[in-house]
Every structure is written in structure tokens, then in C-alpha cells.
2 protein chains.
Amino acid sequence: MENIQPLPSPSNPPSVGGVRVHAQHVEAVMSRAHHGGGWLLSGIICINILILGCALVSGSAFNSVAITAVHRQIFLIILLLLTMLWMLFYTALTSRKNQAILFKDSYAGPVWLKAGLVLFGLLSLLMDVFKIAYYVSYLHCDSAVKVAFPVVQAVFLFVQSFFLWTHAKDCVQLHTNVTRCGLTLTLSTNLVLWMAAVTEESVHQTEIPVKATPLISASYGDKKCKCSHSACDTFREAFYYLYPFNIEYSLFASAMAYIMWKNVGRIVEHHSRHKVKFCLKGVCLGPVMGIFLVVAGLVTFIMYEVDVLKEEEEEEEDKRNQALLIHFIMNIVIVSLMFLSTMIGCIVYRLDHREHVSEKNPTRSLDVGLLVGASMGQLIISYFTIVAMVATGARGYLNALNLSWAVLLVLQLGLQNYFIIEGLHREPFIVMQEAALHTNAHALQEHAEMSIEVECKKSSYFLTSGADKQSWKRRVLKEVCAFLMLANIILWIMPAFGARPQFDHPVELYFYKYTMWTAIVNIGLPFGIFYRMHSVASLFEVYLIS
Amino acid sequence: MENIQPLPSPSNPPSVGGVRVHAQHVEAVMSRAHHGGGWLLSGIICINILILGCALVSGSAFNSVAITAVHRQIFLIILLLLTMLWMLFYTALTSRKNQAILFKDSYAGPVWLKAGLVLFGLLSLLMDVFKIAYYVSYLHCDSAVKVAFPVVQAVFLFVQSFFLWTHAKDCVQLHTNVTRCGLTLTLSTNLVLWMAAVTEESVHQTEIPVKATPLISASYGDKKCKCSHSACDTFREAFYYLYPFNIEYSLFASAMAYIMWKNVGRIVEHHSRHKVKFCLKGVCLGPVMGIFLVVAGLVTFIMYEVDVLKEEEEEEEDKRNQALLIHFIMNIVIVSLMFLSTMIGCIVYRLDHREHVSEKNPTRSLDVGLLVGASMGQLIISYFTIVAMVATGARGYLNALNLSWAVLLVLQLGLQNYFIIEGLHREPFIVMQEAALHTNAHALQEHAEMSIEVECKKSSYFLTSGADKQSWKRRVLKEVCAFLMLANIILWIMPAFGARPQFDHPVELYFYKYTMWTAIVNIGLPFGIFYRMHSVASLFEVYLIS
């Protein structure tokens, strides 16, 4: 219902006649878009695929008798093939017609989303290669579907990444009903893939510590199915290590498909997006501290990874605890500094009062929704940690550190969300300048001969009187944004590349039992990683607006 | 962000000057509403309470060592007291000032929601009374918190029902930030209560069949805590029987608190809601068939309840299966008839093409969201049933019937959602009449002397030419709506008053294991019940529009 929201450019109020013509145009499209009820049908399709997928995935994970992984994979293969067929159909259709894509949403499919998609897509491809190599060696005694699924998935990764890369900004006007259904098919396929990957990863992480048996017998317990070459264990280790990237890939693809679905049938007027150059002039303390933090974080992260991995072979409890200690302290330092700087930013907001942007902007609403939604992932993990730590009394320095880390994270997430959302809704500095100029120009219009002079002074005007008053507040905000960006980057790197203190420090694991805790971490952490990347992008926008 | 959406009346286009004044007014309120960022803060508070509650509830349910029910209940008591304090504060504030509530949203807090709230509130009160009676008899050897919690909850039921009954339509303009936070506190308290009740009910239903021990030892296994009077078992049975109503109450209260939160700071113009009288004239087949269905449903429902309850005492497998057979067949008949009539309605929609209402209406959007969201509950149960039945081969007539019931339900839910949403978005018949009249009047204006005559003919005009063309389509739509309303009522009565074929026919219970299946049913079914009530209300609106 809300898919048709034209964005009128606020600085040039259109004439009355223009409004009428435009309104008729919108109305015509609106009735066309509504007529088939495609948005409703596509929503119903999406919900049905999702719930059926949910039932199949949980049935195959927790009930090994009647529904096996093979059934689930056949269902997934069908979904993948259907989605690919639709994508090829769409690409063929739009490439044949010249006028197929009249409008593009310049806010949709930003660079960080596309880059993340390709990065995680490549790593998922690697995962599929390892999977194929692993299951091929069991072909003589296991189902061929287990090889077919990664093959189809690898092809799907190619097709989908190409599709999203080229069409992410489209506002489709032709065949809107079919396109809507196709996009929800893409969305639900990715979400079902995400569910399947999360469940598989959780089951895998549960069965190793519980059974503590060699890897092969854990997978092929009763069948006595032997691997036909020697590298099986390595392949299996490798592809389970790559699962988190695949989970992340599905989330990214879902977000992009959802944005495309919202944009179907939308008419975007050529919106004069204020081209603000990114310049670091005058901003120094924030970036320097941020870079220092990133380097320090990287060093401790590498130490942590080396020590924790080494421990698994040699069972040195002390070294492992020391690595955890350093990791916890480093994280607490980072989060505390972020909290303090966000606090400063919020105080500056109070001092530097600006109007809110009243213009309706669906992409911004979606951005805010994704930001808040993704932060829930990290919040859930933190609150479960807090409850477990408080309940067990937080004895020992590691538990105390873990507890304070979780509490600080909750505070930091809440405050950072506030800072970003408030920042995105404030009027950009450049618009304020223009508005002030218009007022000034209006006052001076009485002396008609002076108006040209005023235009010339435009550039120098704010460098003198206006800029002085605003400059220190703007500079502080920019420093805060730059620092937060870098801090979020290091908080992204650590979990994205394998730091899992949630499992290495096993108090919560024992407290909530294996299945529950792995499920919480495997659902929450990918959202947490997505949140960090998303906040870097949003902070960048806040930096430009300030 | 979307809380300020004035509803312009479509029939009287306001003058340009009026628009300007109005726009300035809205802008002023908008900046006031945005200034404090109350909506953001209240959202953050809500998310935090919810996630902390989730962690505590699941921690206390699945880990009996460190966190017990007492900890959870202390947390809930604190939440309840805080919410009540705020409600009293709000009531005192608004009753003191005359101008506190300037605007009321006439769509908010409809009768069915209020009536449901009071009905389920009374039954929840009864539950609390039984709980107090039960736990008082264990006071000598168990925590006093277990008595304190139902006492506080009983008081809360009074205060909240009164608060929601009197203030559900308010569009608060004073202290908007505090009010927003208070309302999200109410919302999250109700949702945490809902989570706690769902979990407790699931754990209860799981422990009885697994342990198969007498009720008292299941609850006080190791402590050897004896009940001080003889009616303990009865009280316990009684209050667990009333749990579903309490779950339903929390859902209703959450929905109302959410609508109030959306309405804070909103400016509702006096919207001339078309008063359409409900009349059944000319509509006959639908209501008659519906009433017949309700009576038949009630008879089989009572038979089912009697036979299934009797079976628990006498273990007569045959009689139980016969009762299930009748229940399944009755449900299949109802759902098939509903499916067919909805199909007819959708075909009439195609034939009787009308414009969509383009006016923005937040209450309608919320209604649609609640409808689709609530239908997910029933959909989840149905899909899980389908997967279980297909996987086990659907052997035996009961399984085959169960499978067909689930498939039909999925189809019926999808189609009914389509029918209702499409119906709510179509232009009301009365507006079409007016629009046609305006066009006619405009054409005749050239003959100025005739315009008065036209006004006089207004009433008779559509009774002759226009009405003839439209009448049979309108009549069919009204028949369909009336039939669907009654059919939804019987489908509401059966689960709301205790029919649980999901547990009485135990195939899914064995397939998905106890914990998982009880969790699915206990989360899904209350939403399913809510869905049926909500669709009756929405169908009533569609009936009036047709």
C-alpha cells in the first residue's frame, strides 16, 4: 500500500498545474499497481514459503526418522531453481526493452551492501566447493542429493549476485505483479536458506561437544560409511568454518530483495541529492583515535585467535584464559570509548538544535528499521549473558569482565541507535545554509539591483558569519562520527572473522544447555555483524549531514 | 515517525487558505512531537524490557538451578507495579485538566476488542483466584512470592482493563514523551506476561505426559511439600484450564496499547465517518447457512468435549477416535464451505470493479497488519501438521482427515486474507453514489434552474437506474460476508473454549517431541483465536462497505 511515495524536491515548490498533472499521473499508476493486488498475492506467497520452509527445516533438524536432510535439500533445490528461472526471465525481459526501467532509486543498493554481498558470496562459493569435495567422497554410500545441493547453490550464488548487482536500484513499472511475486520468491528463498544454515550450524556445534567422538562417526554414526579419500576431515572442518559467511550472505541478499520489492511500481522523481564531498579537513582527533583503536583491536584479535586455536590442540587452560582476558578487556575499552563519544555527540545535538526533515523517505525508514532490527541480535546475546552471569554470581575475573562487557554493549547499542536515527532525521547543514540564504535573498529582493551580488556572495557568505557560530559543534559531530565508524569496523572484524568468546568461555553454554545457546548465538551474531556494517554506512551519512 | 497523519475528509476539499493554516499547525505539532525524541526513547525502552524478559523467562523455564520461577515473578511484579503507577498517574493527569484529550480516534478501541478484553480479563481474574487458593496452601513450605504474584496480577487486571476501556481512543497531546514511554511500558509488560504464560503452559503440558506422575509430585518433586487442604488438585487443574484466556487477554491488551502508542501526538480532524446502518434486508441465504453451521458446530463441539474428557478417565480409545473423527469432518465441512464462498466473493470483486481508497488511514494499515500477523499463528500450526502428516504417510482415516483439514485451512486463510484486505481497500458504495451524483450535478449545472430538482431526486436516483445494475453483485458480497462472519465465529468458539485436537490426536506430538509441539501450539493457537475475532470485525466492516 505504501509503495508509491513520490519524493518531491523540497527546495523547488512545483506549480499548481504541475501538481495536478503529477497527481493524475500518480493516481493512474496507483490504480494500475493496485488493480491486480500483486502486492497482496506476493505477500501471501512469501509467508507460505517461509512457514513451510520453517516446518521442514525444524522437522528435519529435530526429527531424524521421517524427514531427513535429503528431503530438506530437495525442497531447497526446487526453490533455488525456481528463483533462478525467474531471475533469468526478468533479466531477459528488461534487457530486451529499452523503456523497461524508467526510474532508479538512488538510495537503494548502496556500495557497502553490494560489496558485502560479493565478499560473502565468494566465501559461500568456497564453502560449496568444499562441500562438493566432501560429499563426492561419500557418493558410493550416500544420497546424490547431498552433492547436487551445493552444486545448485553455487550456480545460484553466481546468478543471484549478478542479478542483485545489476538490478538493485530498479523501480520496476512493467509486469509489476509478476515482478512482485518473483521478488518475494527471492526473499523467501534466501530466508529459508538462512534458516537452514543457522539450524545446520547449531546442530553441528551441539553434536561435537556432546558426543566428543571423531567427526566422521558423528556424521555417519551407524551406517559405517567410509570416506574414499584422506582429506575428508579437512574439507568438513573448512566448510563448517565458512558457514557464518553463508548466513551473512543470505541476510544481505534478503535485505536487497526486500528493498527491490518495496520499490516495485514506485515513481521516483529526479531527486536532487545534495552532493556533499567527503572531506576530513579539520577533523583529526576522531580518526586518529579510531585508527589507533583498530590497530590495537587487530593485534589482540590475532593473539586471541592464535592462542585459542593452539589451546584446542594442547589443552593449556592458562593460555586460553589469558587470551580471553585480553579479548574481554580490549572489547570493554572499545565499547566504553564508543559510549563516551556517543554521549558527547548527543549533548552536541541538544546544543545545536536543528529542524527535523519532514519529507517522507521510504529508504530512510527502511534503513532505520534494519538498523534497529539488526541491533536486536546483539542485544539478545548480551541480555542472555547478563542473566546467566548475574544468576551464577559472576564469580572470577573472566565472568565479571564478561558481565561488564555485556552491560556496556547494551548501553552502547541503545545510545548509538539514538545517535544515528536522530542524526539521520536532522536537517542537513547544506539545506540549512540554502534556507537561510533564501530568507536573506528575500529580504534583499526589495533592492533588486543587489540580488545578483547576493548570488555571488553565496559561497563566501557562510564561510564568514554563519560558519563561525556553527563550526565547533559541526566539528565535534564529525569527530564523533569518524571515531564511531572506525570503532564499528573493528567490532565488525572480530566476530566476522571468527572470534567466538560466547563458545570459548563456556559459562553460558552450560547455563542454557548446548542447543539453546548455540541457537541464540547463531541467530543473534549474524544480525550483530550486519548491524556493525550497517551502522558504519549510516554513520557515514550522518557525517555528511553534520 | 508516522504518528502524525491527519485524515482529510475527501468529500469537502478545503480552501487554499485553510490548507496553509492547517499545514502550519501540523508542522508546529510535528516539531514538538519530534523534539524530545520520545518515540525513539520509548521504542528503545520497549525492546530492552522485552529482551530482558525473554532471557529471564527462558532462563527460568529451561534451567531450574540458578534462576527459578520466583526470580521471574519478582521481575514481573516490579513491571506490573511500575505499569500500574504510570496508569494511575496518567488517569489523574487527564482527569484534572479539561483540555488534556483534544482528539479521539474513532477507529481505535472497537467494541469487539473492548468486549474481548473484559471477557478474557474476568476469566484471568478467576485464574488468579484459583492460583492464590492453590499457593496459599503451600505457604508453609514455599516462597510467598508465588502468592504475591497472582495478587498483584489480579489488581493489575482491574487497573489495566479500566484504563484501556476509558482511554483506548485518546490521541494524547500533553506530555507526549512521558506518555509514549508509559505506553511502551504497558505494551512490553503485557508481552512479557504473554511470554511467561505461554512458557509456563508449555512446560506444564510437557511434564504431565512425560513424567506421568501425580500432579503434586510433578510440581514439588523432591521437596516433599504437602498441600494443607484437599482441594489442591482441583485448583491446579482449574487454573491451568484457564491459562489460554490469560494468554488471549495479554494479546488484546498489547494490541490496544500499541494502537494508543501510535495515536500519541496525532491530530485527527473531525472525520465524517459515513454512518452506514447495518441492515440485513434482502440478505438471507448467507445468514441462514451461517446460523445452521454455528448450531451444527456447537453440537459436535459439545459432543467432542464430553467424549474426549470422558476418555481421560475411562481410556476408551474407540469413543475418543469417533469424537475426533466427527470434529475433523465438521471442521473440514466448515472450512470447505468458507473457501467456496470466499471464492465467489473474489469473483464478484473482479466483476464489480471499484476504485481503491487512496486516502491514508493508519488504523486500517494497522488492522491489516494485525490480521496478517495473527493469521501466521494458525498457518504455522497447519504447515507443521502438513509436514508431519506427509512425512509419516498419513496412514489411517484420522491422519488423512487431519492432513486435508490442514491443507484446506491454509487455502482458506490465504483466500480470506485476500478477500478482507481487498474489501477494506475498495471504495465504499456510499462514496461511489456521492461521486456519481456530483458528476451528474456538474453536467446539469449548465441548466441552472434544474439543479434544485436534481437535489430532490437525489434519494430516488439510485433506487432506480444505478441500484439495479449494482444490486445483485452487492447482495452476493453481503451474503458472503454474513456467512463468513458466522463461520469465523464458530471457528473461534471451538478453540477458545478448549478444543485441542492438536493434543488429543497425538501424531504431531510424537513427531516433533513434546516441548517443540506444545510450544508451537501454545504460541500459534492464541494468535489463531485472535485472528478469528479480528476477521469477524473486519468482515463486518467489509459488509458495510459493500
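These figures come from a predicted structure and were not determined experimentally. Chain identifiers are assigned alphabetically (A, B, ...) following the order of the sequence lines, protein sequences preceding nucleic acid strands; residue numbering begins at 1 within each chain.
- Put simply, of A:Ile44, A:Leu379, A:Leu40, the one with the most heavy-atom pairs under 4.5 Å next to chain B is A:Leu40.
- When heavy atoms are compared at a cutoff of 4.5 Å, B:Val372 approaches chain A solely by way of its side chain, counted from C-beta outward.
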Verify side chain to side chain contact (heavy atoms under 4.5 Å, CB included) between A:Leu52 and B:Ile386, making sure each step is shown before the conclusion.
-> CA-CA 9 Å; A:Leu52 179 58; B:Ile386 292 173; 5.5 Å; no
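- You'll find the side chain of A:Ile421 reaches within 4.5 Å of the side chain of B:Trp39, heavy atoms only.
- To the nearest 0.5 angstrom, A:Asn48 atom CG is 3.5 Å from B:Tyr383 atom OH.
- In this structure, CG in B:Leu50 is found 7.5 Å from CE in A:Met376, a value given to the nearest 0.5 Å.
- The greatest number of non-hydrogen atom pairs below 4.5 Å with chain B, out of A:Ile51, A:Ile520, A:Ile47, is found for A:Ile51.
- Only the side chain of B:Met516 comes within contact range of chain A, with at least one heavy atom under 4.5 Å from a heavy atom of that chain.
- Rounded to the nearest 0.5 angstrom, B:Ser58 OG and A:Phe384 CZ are separated by 3.5 Å.
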